[in-house]
Structure formats: C-alpha cells, structure tokens
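By convention in this document, chain letters (A, B, ...) are assigned in the order of the sequence lines, proteins followed by strands, and residues within each chain are numbered from 1.
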2 protein chains.
Amino acid sequence: MVRHMVNQQAALDSLFHALADPTRRAVVSRLLKGAAPVKQLSEPFEMGLPAFLKHLSVLEVSGLIRTEKHGRVRTCRVDAERLAAAEGWLSQQRAIWQGRADRLADFVESQNPPEQNA
Amino acid sequence: MVRHMVNQQAALDSLFHALADPTRRAVVSRLLKGAAPVKQLSEPFEMGLPAFLKHLSVLEVSGLIRTEKHGRVRTCRVDAERLAAAEGWLSQQRAIWQGRADRLADFVESQNPPEQNA
DNA sequence: AGAATAGTTTCCCATATGGCAAACTGATTC
DNA sequence: GAATCAGTTTGCCATATGGGAAACTATTCT
C-alpha cells in the first residue's frame, strides 16, 4: 500500500510548503467552492499577475490544484485528494500521540476516581 | 470564538512551514513518542548541531514543540494542540469541499441508479 | 484590421532558508 | 583544575522565495 516512501516525503514537503502561505491557502479555500479562471482568482489580492502565477504554480506542482486552458482562459480547480494527503499525515501523527494520551488517560483514570473536567 | 484572524494566519503560516521539511516532520514524529534532549534528537540526521538547532528553532517558533533546559541539557516535547490546529484548518477546508461533494453525490444518485464503483 | 483581454515570459531585486566551520559558554566528570 | 560534553553563537555561503516592471503571445471583441 505504501509506495516508495522517498517520493511521499517530497510530496509532503511541497504540500505543506504550498499551504504555508496565506495567499495560497486563500486560493485553495476559494477553489473548494468551485473552479475559477486565473484572473478572477487573482482579483482579491494586491499583487500583480506574474507574482500570482507563481503561487498558482506552487499549488499546481504540489498537486493541490489542477488547471486546464480553453481558449485564452485557464481554469483552476482543487484536487481534494491531495488535501486529504496532508490531512492524512497529520491525523496519522495525532493517532500516535493520541494512542499514548489515551493510554495515559487510562492510567490516570485507573489511579483516581473520575471527577468533573476542569 | 475566532480571535483576531490576522494572527491566526501567521500561526498557520509558521505551522505549515514548520511541517514542510522532512527533518522537522521526523522530529515531530519522534517527539510524539516521548520527550528527548537535543543531542539525542539530532543523532539520526547527517547535519551538524547548528543546522539542527535551526530546525528546532523553527519548530519552537511555530509552537509545535516546547523546550526547557535543565543543567546543560535541553529537553524537547511536542505541543499536540498545535498539531491539531494544522489538522483543524485542513479538515475545516475538507468539510467545505465535502459538503459540496456530498451534495453532488446526492444529485448524481438522484439522476442515475447506483452501480458498482469503477 | 485594430483594440482589448488573459496569460505568459524574462529579467531583476531583497530577503529568507538550510547548510557549514569555528569559536565560545556553562555544566559535569575525572 | 582539566577534560569532556551539550548546547550556543557568529560568520559565511549557495540557493530558494516572493515580489515588481516590462515586453510578448494568443484569443476575443468591435
């Protein structure tokens, strides 16, 4: 099931890097509500198109979005599987911690009678 | 409930940036299994201590880890709440998309009789 | 055809990042 | 008190990143 760890690392690198910028997160957020062309996507932001295109490129390289051009307009849409991949790593890690936390909670509860939570 | 959006953005920036590096993810992963001192944490990696300390610093600034020094050894531990914060953004976004996907699924199902998935 | 539109490319700039080596501080051990 | 050990600081370097200006391409509108 786990195919070549190495590339998965690189995928996570570019995924998290793509999400580490407010402009790019806003674009993802916007695209989750529906596909849109580049110009329209760029309107809420103060930067010029070239700078904005770099952000789109980062998002596309990371796999978070896909784009296709018809005529002179390029339409962007989100690839939700990639978003799930990032979430997957996090929840996997949390599971590790939570496993410990649950065991700790079990231990604490086995020592003290349960009272109301603070 | 939502206290000053602006700082939340900055927090997400540094959170995702902290996670956008295999060394740092490995450290988080390791620390989720228990606290550890700097030297011991650094051993699996090829880089020198100064470089490694920079990674720890990025993790600490992001809030993903906390550290305290006793005598000459600095002990690092993970702050699971921050991990949850990153996961929170992602699952929140996914919820938006999933809401749409579910509605789309409902629509598709209302049009076609269910068959086996490809 | 000519003008406007949507992207794209190229070049440039300042700053951030990730790594190194070497010198240094403070705690512990011999 | 000398040596060692854990961590820190300081410079340095190459590359990556995020932004701009200007010139260019390819469509679409009039």
Asker: Applying salt bridge (charged side-chain N to carboxylate O under 4.0 Å, His left out), which residue pairs with at least one partner in residues 49-63 of chain A are found, sequence neighbours left out?
Answerer: none
Asker: How many Å lie between NZ on A/K54 and P on D/dG20, as a whole number?
Answerer: 10 Å
Asker: Which heavy-atom pair separates B/A35 from B/R77 by the least distance, and what is that distance?
Answerer: CB-NH1, 3.7 Å
Asker: Is A/R94 salt-bridged to B/E87, cutoff N-O under 4.0 Å?
Answerer: yes
Asker: Does OP1 or OP2 of D/dG19 have a side-chain N or O of A/H55 closer than 4.0 Å?
Answerer: yes
Asker: Could you check whether the rings of A/F16 and A/W89 sit parallel, tilted or perpendicular, using 30° and 60° as the cut-offs?
Answerer: perpendicular
Asker: Quick check: closest heavy atoms across B/A18 and B/L64, and the distance to 0.1 Å?
Answerer: CB-CD1, 4.0 Å
Asker: Please work out which residues in residues 65-79 of chain A have a non-hydrogen atom less than 4.0 Å from an atom of DNA chain D and list them by number.
Answerer: A/G71, A/R72
Asker: Measure CG/A/L53 against C1'/D/dG18 and give the value in whole Å, please.
Answerer: 13 Å
Asker: Are the side chains of A/V27 and A/H55 in touch, meaning some heavy atoms are under 4.5 Å apart?
Answerer: no
Asker: Can a side-chain donor-acceptor contact be found between A/R25 and B/Q9 if the only test is distance below 3.5 angstrom?
Answerer: yes
Asker: Which nucleotide span of DNA chain C, 5' end to 3' end, has atoms closer than 4.0 Å to non-hydrogen atoms of chain B?
Answerer: C/dT17 to C/dT28
Asker: Which is true for B/P50 with a 4.0 Å heavy-atom rule: it touches a base, it touches only sugar-phosphate, or it touches nothing?
Answerer: base
Asker: Given atom CZ of A/F52 and atom P of D/dA21, what is their separation to the nearest angstrom?
Answerer: 17 Å
Asker: Closer to the 5' end of DNA chain D via nearest nucleotide, is it B/V38 or A/T23?
Answerer: B/V38
Asker: Side-chain heavy atoms nearer than 4.5 Å, only ILVMFWY residues, links allowed to pass through others: does that put B/V73 and B/V78 together?
Answerer: no
